[in-house]
Structure formats: C-alpha cells, structure tokens
Amino acid sequence: MWPAGRVVGEPLLSLFLALLAAGTAVVDHQGTAGAVGIGLGVALLSPLRRVLPATVLLVTAVGCAGISGFTPLLVVASWSAGRRIDGLGRAAGVFTLAYGALLGLSVVWELPHFSLSLTAFAGLLLLIPVGLPGLAGRYWSQRRTLTETLDEYNAQLLRERAMIAGHARIRERQRIAQDMHDSLGHQLALIAVHTGALEVDRELTGAQREAVGVLREASVAAMHELRDVVGVLRDGVAAPGVRDTGAYGEDPGTQARGVAGVDGLVDASRRAGADVELRRSGDVRTLAPTTGQAAYRVVQEGLTNAHKHAPGAAIVVGLRYEPDSLVVEVANGPAAEPVSGVPSGRQGLTGLEERARLVGGMVHVGPTPHGGFRLAAVLPYTAQGGDPASAPHDDAATTFVAATDDFRAQNPAGHPGDSDAVTDRNGLPKELARAMSRTKRGNGIAIGCGLAALAGVVLVGAVVVGGIFLMREADKAMIEPKQYEAVKVGQSEAEVRAQLPSGDSLMRPGSLADAPPAPDGSTCLVLLSTELGSSMDTEPVFRFCFKDGRLIEKTTFEVES
C-alpha cells in the first residue's frame with residue numbers, strides 16, 4: 001500500500017509532466033492532436049516507471065530523440081530506473097542502451113546538419129538527462145539500503161548488549177547468593193553445633209532435650225536447603241568443584257567478604273608488586289552484610305581493572321564513613337605506558353551497578369583531572385534489601401546511577417578487536433563489513449554507494465567542462481547587435497576581422513538555402529546573434545562579405561534553426 005503522500009503526489013506528477021509535454025508540443029507546432037497524444041503518452045508512462053523502470057526508460061529515450069516534450073519525463077524515468085533496477089551490470093546495460101538509442105536517433109534526426117564536433121558535444125550534453133539522474137537515484141537507493149541495514153544492525157547490537165547486561169546482573173545475583181550461603185551457612189553451622197552440645201547436657205530434662213533436638217534438626221535442614229538453593233542458582237556459572245578465584249589468585253573463600261576483607265585485597269595487590277595505599281576516614285559504623293559485601297566487590301573490581309588497564313600506576317583505596325553512607329573509592333594514576341590486547345566484556349561494572357542498586361546505592365566511574373581513573377560507590381549503612389522484583393519502584397529508595405563509561409576509556413591505545421566485538425563501539429568498520437555480508441542484496445552495497453557517488457562527481461565534472469567548452473564556442477560564433485552596428489561598410493577586412501570573432505566554431509547557423517545571395521567573388525563571414533529569433537524555429541544571423549581586402553556588404557536575416 002502506498003502512503004498518502006505518494007497516492008496524492010504520483011497523479012500530480014503525472015499531470016504536471018503531461019501538461020509540460022503537451023505545452024512543449026504546441027510550441028513546436030505539432031498540432032492539437034499531436035500535443036494531446038504526447039501528453040497522454042507521458043501521463044501513461046509516468047506511473048509505469050515504478051513497475052517497469054527499464055522499459056519506460058528505453059521508450060522515453062527513443063521518444064525523446066524526436067519529441068522534445070519527453071525530456072522532463074526522461075529525467076524522472078532515469079532517476080526511477082537508477083533506484084529500482086537490481087544489479088550493477090543490468091543497470092549499466094539498460095542505461096548504456098538508452099543513451100546509445102537517444103544519441104543515435106538524435107544524429108539520424110539531425111543528419112542534414114551532421115558534424116563530428118557537434119555530435120561529440122551533443123553526446124556530452126545528453127549525459128545530463130540520462131546519466132546524472134540515474135546515478136543520483138542509484139546512490140540514493142543504495143544509501144537508503146545501507147542506512148536501513150545499519151539501523152537493523154544497531155538494533156541487534158542494543159539487544160545483544162541488553163542480554164549481556166542482564167547476564168551480568170544474573171551472575172552478580174548468583175555471587176550474592178553465594179555470599180549469603182557463606183554467611184548464613186556459617187551461622188547455621190554454629191547453631192547446629194551449639195544445639196548439639198546442649199542436647200547432650202545432663203542438666204536438661206527430657207522435654208528440653210527433645211526441644212533442642214528439634215532445633216538442631218531444623219538448623220541442619222535449613223543449612224541443607226540453603227546449600228541446595230544456592231547450588232541451583234550457581235548452576236552453569238562455574239564447573240562443579242571449581243572455586244572462583246580473585247584477581248591475583250587468592251581464594252575469596254579464605255577471607256572475609258565484607259569491609260574486613262579489603263585489607264586482604266590490598267595486601268594481595270601489594271604482593272603482586274602494585275603501589276597501593278589504603279585510606280580510612282570517619283567513624284567506623286556497623287554495616288549490613290549486603291552493604292559490606294558490596295563494598296568488598298567495589299574494591300575488588302577497582303583493583304582488578306587498575307592492574308589490567310593501568311599497570312604500574314599508583315592506586316589509592318579509600319573508605320570514607322559519611323554520616324549517612326559509606327563511600328568506597330578506588331583511584332589510579334595514568335598508565336605508565338599504553339596497553340593493548342586487554343579483553344573486557346564490561347560485565348564487571350554491570351554487576352557492581354546491580355549489587356549497589358540492590359542495597360540502595362549508586363556507582364560512578366570516570367577519569368580524574370590528572371589523567372587517571374576513579375571508581376566510586378556510595379552505599380547506605382542500612383541496605384534497602386528485599387527481592388528486586390518486589391521492591392517498590394521509588395527513586396527515593398533506589399538511588400542507582402548508571403555508569404557512563406568503562407575502564408577501557410583510560411587506555412586510548414587499545415585496538416578495536418581487543419574487546420567484545422558486540423559492544424565495542426570503535427569496531428564499527430569490522431562489524432559493518434559483517435553486516436554488509438548478511439544483507440539480502442549482497443555485500444557490495446557500500447562499494448556500490450561509493451562508486452555511484454564517484455561516477456556522479458565525474459559526470460558533474462564532465463558537464464562543467466562541457467559548459468565551459470560551450471561558452472568558448474559561443475564566443476567564437478556569436479556577437480551582439482551593437483557589434484554589428486559598429487562595423488561600417490568600406491572598412492578593411494583585417495580591421496573588421498579584428499573586431500569580430502573568427503566564426504570557427506561547431507556552433508553554426510542552420511540552413512542558408514534561403515539566405516540572400518552573396519556578392520559575386522566575395523568571401524563571407526556568418527555569425528550568430530545573441531538575441532532570439534522571431535519564432536522558436538528561426539535564429540538571426542549576421543553576414544559580412546569581403547572583396548579585395550574590403551568589407552563590401554553586411555546584412556542580417558533569419559534562418560531555420
């Protein structure tokens with residue numbers, strides 16, 4: 001179905017072209033019947049160009065050779081054919097055939113006035129209505145196809161990026177579940193041990209021992225259920241029996257996973273040869289377990305990325321206890337030297353964002369004024385907690401702010417292929433080539449688009465050169481009436497020829513069969529006038545005749561063009 005604009009515009013365009021063709025036919029003295037026939041033919045061919053672009057172009061080119069009213073339709077048909085003919089070879093063949101037919105029939109039509117130079121100029125001039133609109137239409141079509149392909153591929157990238165971010169959030173929740181298992185499992189184990197000790201206490205009565213036994217069995221059952229649930233959550237994340245290790249080879253299970261474990265992370269970094277400074281300020285406050293674990297993860301991620309993207313740079317880890325929240329910062333100086341080949345899936349930051357959001361905090365990452373990089377998190381002392389699915393969607397309760405950058409920004413020497421190709425914005429040329437290879441119209445769209453633009457530029461240049469050439473030829477063959485009046489009979493031939501153009505030009509007047517006879521024994525110079533004739537079929541000329549080195553006659557008359 002056509003849009004409303006095309007439904008209205010197409011009939012108006014056909015009517016305009018038909019009226020223009022009929023009006024041109026009337027001016028060319030082709031009669032009322034001829035004008036009506038030409039107008040109807042143009043009105044019929046105009047809408048057909050959308051379904052039969054090659055046929056309409058060829059028919060219009062043939063008709064344009066003898067009927068000047070077909071010229072506007074030829075421009076429109078050329079544009080439409082350039083847009084709709086599939087295949088570069090087929091399009092080139094159709095346009096070559098149309099151009100050859102138009103040029104050949106034009107030469108046959110003007111055979112009595114045939115001139116090789118005039119034919120060459122006409123061939124250049126006919127490229128304007130035939131070739132230029134076709135190239136423009138083909139470039140526009142290929143550019144539109146390329147834009148649509150890029151839009152589709154961009155939508156695919158956004159979907160894949162959302163999937164990766166969602167996967168990173170799921171992984172972070174699984175790590176939170178593991179932290180919960182480590183913390184609650186330990187507490188439940190202590191409960192089970194203490195209740196087991198109470199159960200064998202001789203001072204307890206039988207009812208008390210029975211109650212303690214029930215409590216012990218409940219704690220043991222809760223611990224087994226917790227282990228089963230966490231096992232289901234972690235399914236597929238890590239291979240059975242394989243523990244997740246830290247950035248520097250330490251086992252996260254061997255140290256505290258809260259603020260108390262930050263010292264262990266800093267010590268591990270120092271053992272790896274890094275210059276790390278730990279700064280604490282403010283009154284130490286008691287943190288919720290999830291908040292402490294979030295602070296631990298921020299420091300862990302910050303140290304990992306500082307070592308990865310800025311090796312050798314000094315690192316400062318800060319823990320600031322503010323009145324209402326804990327501010328955790330990891331800042332590093334500029335990299336000692338550019339690093340390339342650093343992989344990054346951008347999942348670490350996404351996981352930190354999810355973990356901070358779950359406790360009601362926020363994460364920010366960005367460059368420092370001195371050329372380094374800073375990762376900071378603001379974590380409230382009282383975690384918001386709860387299931388994210390059931391948490392209220394209140395901006396006051398969740399102050400999460402998405403990170404606007406990632407750690408790779410501190411390493412400008414990275415190559416486009418060093419990180420994930422799906423999310424690497426600098427990898428556009430490689431991904432664009434992949435997108436082009438998956439299009440239905442082949443992988444030459446970008447190349448064809450460039451070739452069409454290049455051919456258009458070359459054609460425009462040829463037209464400009466042809467226009468300059470035409471102006472020079474006109475200067476050799478045309479004069480103004482005042483120049484004619486300035487020449488006097490009796491002047492020497494050399495003086496007159498010095499005042500007038502040479503007349504040696506491919507722009508020559510039409511038939512001189514009906515011209516006044518020239519004086520016997522004279523040689524004449526015939527020049528065109530810059531003014532128009534009395535009708536469309538005539539043109540004024542000036543004739544200067546010389547004999548014995550003198551101008552013996554000058555006259556002006558009109559000839560058929």
Side-chain angles (χ1 to χ4, degrees), residues 152-182 227-247 252-253 257 290 293-305 308-309 330 341-365 375 377 379 383-391 393 398 400-409 414 416-428 430-431 434-435 438:
E152 294 175 0
Y153 192 62
N154 182 62
Q156 177 184 346
L157 288 179
L158 294 178
R159 289 193 298 268
E160 292 180 358
R161 180 173 294 181
M163 292 172 59
I164 291 175
H167 182 65
R169 291 188 178 96
I170 292 173
R171 288 178 61 90
E172 192 64 27
R173 293 188 182 190
Q174 292 167 345
R175 297 181 68 172
I176 294 173
Q178 180 63 39
D179 294 341
M180 179 182 66
H181 172 270
D182 294 342
R227 184 179 297 111
D228 293 339
V229 171
V230 173
V232 172
L233 291 177
R234 290 181 57 85
D235 186 24
V237 177
V242 179
R243 296 187 60 87
D244 183 21
T245 59
R257 301 279 289 191
T290 52
Q293 292 163 4
Y296 178 89
R297 284 287 296 118
V298 170
V299 175
Q300 186 182 49
E301 184 70 17
L303 290 173
T304 299
N305 286 282
K308 183 189 300 183
H309 298 280
V330 180
V342 179
S344 175
R346 300 174 68 178
Q347 297 187 17
L349 281 180
T350 305
L352 287 183
E353 294 169 0
E354 178 68 9
R355 185 181 285 264
R357 187 185 70 82
L358 293 176
V359 300
M362 66 178 184
V363 174
H364 174 75
V365 60
L375 168 65
L379 307 172
Q384 300 295 331
D387 184 5
S390 62
H393 298 283
T398 302
F400 169 74
V401 176
T404 57
D405 213 330
D406 60 50
F407 291 98
R408 292 175 300 165
D418 292 341
S419 44
D420 188 2
V422 174
T423 59
D424 191 355
R425 291 168 292 181
N426 297 325
L428 180 60
K430 177 181 66 177
E431 296 304 320
R434 293 179 181 177
R438 292 197 292 267

Which distance, rounded to the nearest 0.5 Å, do you find between the [atom1] of [X] and the [atom2] of [Y]?
{"X": "Thr304", "Y": "His309", "atom1": "OG1", "atom2": "NE2", "value": "10.0 Å"}
{"X": "Asn305", "Y": "Leu375", "atom1": "CG", "atom2": "CG", "value": "8.0 Å"}
{"X": "Arg161", "Y": "Asn154", "atom1": "CZ", "atom2": "CG", "value": "8.5 Å"}

For the residue pair Arg159 and Gln156, confirm or rule out a side-chain donor-acceptor distance under 3.5 Å.
no
By side-chain contact (heavy atoms from CB on, under 4.5 Å), which residues pair with Ala295, not counting sequence neighbours?
Val259, Leu326, Val328, Leu379
Closest non-hydrogen contact found for Val363 with Ala377 is CG2-CB, 4.2 Å
State, to 0.1 Å, how close Met362 and Ala356 come at their nearest heavy-atom pair, and which atoms those are.
N-CB, 4.1 Å
